[in-house]
Structure formats: C-alpha cells, structure tokens
There are 2 protein chains.
Amino acid sequence: MHKEHTLTKNQQIIFDLIDKSPEPLKAYSILFNVQKKGIKAPPQVYRALDKLVEMGKIHKIESRNAFIACHNSSCQVAKATAFSICEICEKVTEISSAGLSKYLANFKDKDGMKYSKYNLEFFGLCKKCR
Amino acid sequence: MHKEHTLTKNQQIIFDLIDKSPEPLKAYSILFNVQKKGIKAPPQVYRALDKLVEMGKIHKIESRNAFIACHNSSCQVAKATAFSICEICEKVTEISSAGLSKYLANFKDKDGMKYSKYNLEFFGLCKKCR
DNA sequence: TACATAGTGTTATATTATAACAATTTAAAT
DNA sequence: ATTTAAATTGTTATAATATAACACTATGTA
Ligand SMILES: [Zn+2]
Ligand SMILES: [Zn+2]
Ligand SMILES: [Zn+2]
Ligand SMILES: [Zn+2]
C-alpha cells in the first residue's frame with residue numbers, strides 16, 4: 001500500500017483556505033489571509049501551492065493566476081484539467097466530463113502525438129450573467 | 001467590405017519580432033529587443049501585445065506568460081486556441097485541427113452551456129525530446 | 001545513532017503587468 | 001481647412017506575481 005499524501009502544516013492551512021473559498025484565490029490574497037496563522041512570506045505560500053498542485057489537490061487557473069481546490073478524483077492522477085470561466089463575474093467551475101477527458105486524452109496531433117496532460121479553459125457567461 | 005487591421009508602428013515592430021521568432025517570446029524579452037527601435041517602456045510593449053492578441057495576430061501561452069504569432073486564420077475570429085508544449089525543450093506548436101475545434105465548440109457543460117472561446121494547452125514531449 | 005530528505009523561516013530580489021497623465025497622431029465630421 | 005473625437009504614443013512610477021539563496025528544523029529510514 002502506497003503512502004497517502006498527508007499534508008504538512010503549511011500545506012494544510014493553505015489547502016483549507018482554498019478549499020473553503022467559493023472562488024479561486026490568488027497567492028498574495030492567500031498570504032494575507034494566513035498571516036495570522038504564522039505564514040509570513042511569499043515563498044511559504046508558493047511552496048505549499050506548488051506541492052498542492054503537484055498532488056492534484058488544487059489547480060492553477062492559468063489565465064487568472066489563481067488557485068482552486070479540486071473535487072474531481074480523476075485529475076489528481078492525470079493532471080488533465082478543464083474549467084469554465086465567466087468573463088463577467090469570474091466564476092470558475094471545474095468541468096468533469098468523461099466524454100471530454102476521453103476525447104482529449106485520445107486526441108492525436110499531426111505527428112500522431114498523444115497528450116495525457118492538458119489544461120483547458122473555456123470562456124463565456126455563466127447562468128447568472130447571461 | 002470591412003476595414004482590414006493595419007498595424008500601427010509599435011504594433012508592427014512587435015508583431016514582426018514575434019512572427020520571426022521560432023519560439024514564444026516574453027514581454028520583457030520583447031522590450032529588450034525593441035529598445036533600439038525606440039520602444040523604451042513596458043506599457044508600450046503591453047499595449048501592443050494586448051491589441052495584437054485582440055486582433056488574433058498573436059496568442060498568449062498562458063502557462064508560460066509568452067506570446068506566439070498565429071498562422072491559423074480561423075482562430076482570429078473564434079479566439080479558440082490550442083497548443084502543444086514540450087515540457088523539456090519548451091517548443092510550442094499551435095494545433096490546427098478541425099476535429100478538435102469542432103468538438104470543443106460543440107461541447108456542452110452540465111448546464112448545457114456552450115463556449116465558443118477557449119484556450120487549450122497540451123503538455124508532453126516533442127519528437128526530438130522523446 | 002547517523003544520514004538523507006523534505007519542510008520551514010527569512011531576507012532580498014527577479015519577473016510580469018498596470019495606473020496615471022501628458023503629448024501626439026490619425027481619422028472623421030463639419 | 002478646421003474642429004473634434006478617438007486611438008496611439010511616451011513617460012514615470014508602482015503594483016502584482018514569483019523565485020533565489022541560505023540557515024535552520026522536522027521527519028523518516030538505515
Ligand atoms: Zn480537478
Ligand atoms: Zn457570471
Ligand atoms: Zn491562432
Ligand atoms: Zn522538446
């Protein structure tokens with residue numbers, strides 16, 4: 001049985017914050033929010049973020065430089081992520097679609113190359129903003 | 001007949017540089033390279049980049065904070081982009097696949113929502129690096 | 001214990017991007 | 001041609017995002 005990832009103190013503090021947040025959090029907003037818990041400097045935040053991303057516990061929304069918790073067990077292994085982003089209210093939702101992930105995992109480029117790792121960001125208007 | 005986009009002086013200088021580059025360029029590397037042509041400060045670069053992205057002449061590789069010229073007429077309208085990125089040599093290739101763009105443009109999320117705008121970045125190893 | 005590995009705390013600095021405002025150029029309207 | 005509006009440019013300063021480097025501490029393993 002392989003060892004489960006147990007979060008370290010800083011990782012746990014930062015994961016909890018992101019996990020509770022209804023919206024993606026930016027690194028310096030995280031820093032501000034955890035200073036009362038003793039995490040005082042950017043490297044502490046970025047290190048924890050890096051590890052959490054590596055573990056698949058959180059994802060980075062690249063177009064927004066922000067971090068969101070993952071609730072989709074499959075992408076923890078695959079590092080294959082998809083999101084929808086509302087261009088008005090900035091609501092971000094992780095897309096969990098077997099069809100989509102299957103299509104993308106099987107997609108071959110012109111050289112016949114397959115890619116199991118990808119990041120897809122869809123942009124549009126959410127229900128509320130339409 | 002609608003007006004063609006004619007590039008302004010700064011836009012042209014910066015587009016030419018990106019267009020000639022075999023690899024994505026970062027904003028401050030662009031700045032360094034065009035200083036001899038009189039473009040001296042970051043805002044001048046970022047403004048031109050913003051407009052060029054808006055026109056679809058270049059794309060931003062979000063995971064790399066770098067810019068690449070577009071050679072694919074279709075995404076100028078759709079703002080629907082896909083790239084493959086080599087995790088070793090950082091080679092970036094724009095993917096132009098009718099099948100992929102059709103699939104993504106027709107993809108519906110759980111709320112039945114469609115998205116004509118998206119950015120997809122595939123990660124893996126290029127031919128050389130495998 | 002001894003050793004290696006991972007995590008932490010800290011300071012400083014690098015990199016990426018925008019705010020704000022004045023001046024200039026361009027294109028359209030009178 | 002003159003006026004006007006819009007877009008672009010030039011410039012300085014600063015904000016926001018991210019990493020380097022180094023000393024130290026905790027954790028796991030031989
Ligand atoms: Zn996920
Ligand atoms: Zn919305
Ligand atoms: Zn393109
Ligand atoms: Zn390569």
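In what follows, chains carry the letters A, B, and so on, assigned in the order in which the sequence lines appear, proteins first and then strands, with residues in each chain numbered from 1.
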message = Just N and O in the side chain of B/K9: are any of them under 4.0 Å from OP1 or OP2 of D/dG10?
response = yes

note = Sequence neighbours excluded, the answer for side-chain hydrogen bond (donor to acceptor under 3.5 Å, both in side chains) partners of B/T8 is B/Q11

query = Just how far, in rounded Å, is C1' of C/dT15 from NZ of B/K60?
reply = 12 Å

task = Just jot down the side-chain hydrogen bond (donor to acceptor under 3.5 Å, both in side chains) partners of B/D50, sequence neighbours excluded, or say none.
result = none

query = Quick one: salt bridge (Lys or Arg N to Asp or Glu O under 4.0 Å) pairs with a partner in residues 83-101 of chain B, sequence neighbours left out?
reply = A/K117-B/E87, B/R64-B/E90

message = With a 4.0 Å cutoff (strictly under), does any side-chain N or O of B/N65 reach OP1 or OP2 of D/dT17?
response = no

key: Pairwise salt bridge (Lys or Arg N to Asp or Glu O under 4.0 Å) hits with a residue in residues 24-48 of chain A, at least two apart   = none

query = To the nearest 10 degrees, what angle separates the axes at the start and end of the helix from C/dT1-D/dA30 to C/dT30-D/dA1, five pairs each?
reply = 40°

message = Can you measure A/E54 atom CD to C/dA6 atom C1' for me and round it to whole angstrom units?
response = 12 Å

Whole angstrom value for the distance that separates P of D/dT27 from CD of A/Q11 = 13 Å

query = Over how many whole Å does the gap from A/E62 atom CD to D/dA18 atom C1' extend?
reply = 13 Å

query = Whole-Å distance between C/dT15 C1' and B/F67 CZ?
reply = 13 Å

query = Nearest-Å distance, CD (B/Q12) to C1' (D/dT8)?
reply = 15 Å

query = Taking only residues at least two apart or on different chains, which pairs with a member in residues 121-130 of chain A satisfy side-chain hydrogen bond (donor to acceptor under 3.5 Å, both in side chains)?
reply = A/S63-A/E121, A/N119-A/E121

Return all side-chain donor-acceptor pairs below 3.5 angstrom for residues 100-111 of chain A, not counting sequence neighbours, or 'none' if the list is empty.
{"residue": "A/S101", "atom": "OG", "partner": "A/S97", "partner atom": "O", "Å": "2.8"}
{"residue": "A/S101", "atom": "OG", "partner": "A/A98", "partner atom": "O", "Å": "3.3"}
{"residue": "A/Y103", "atom": "OH", "partner": "B/G99", "partner atom": "O", "Å": "3.3"}
{"residue": "A/Y103", "atom": "OH", "partner": "B/L100", "partner atom": "N", "Å": "3.4"}
{"residue": "A/N106", "atom": "ND2", "partner": "A/K102", "partner atom": "O", "Å": "3.1"}
{"residue": "A/D109", "atom": "OD1", "partner": "A/D111", "partner atom": "N", "Å": "2.8"}
{"residue": "A/D109", "atom": "OD1", "partner": "A/G112", "partner atom": "N", "Å": "3.2"}
{"residue": "A/D109", "atom": "OD1", "partner": "A/M113", "partner atom": "N", "Å": "2.9"}
{"residue": "A/D109", "atom": "OD2", "partner": "A/Y115", "partner atom": "OH", "Å": "2.7"}

note = Within residues 24-52 of chain B, those residues having any heavy atom closer than 4.0 Å to DNA chain C are B/K26, B/Y28, B/P42, B/P43, B/Y46, B/R47

ask   = For D/dA26, does OP1 or OP2 lie under 4.0 Å from any side-chain N or O of A/T8?
value = no

query = Quick check: does any side chain N or O of B/Q12 sit under 3.5 Å from a backbone N or O of B/K9, one acting as donor and the other as acceptor?
reply = no

ask   = Please give, in whole Å, the distance from C/dT16 C1' to B/R64 CZ?
value = 16 Å

message = Taking A/F15's backbone N and O only, do any of them form a donor-acceptor pair with A/D19's side chain (distance below 3.5 Å, no angle check)?
response = no

Nucleotide C/dG7, atom C1' - distance to CD1 of A/I14 in whole Å = 12 Å

request  = Output every pair passing ring pair (Phe, Tyr, Trp, His ring centres under 6.0 Å) with a member in residues 79-99 of chain B, not counting sequence neighbours, ordered by first then second residue.
outcome  = B/H59-B/F83

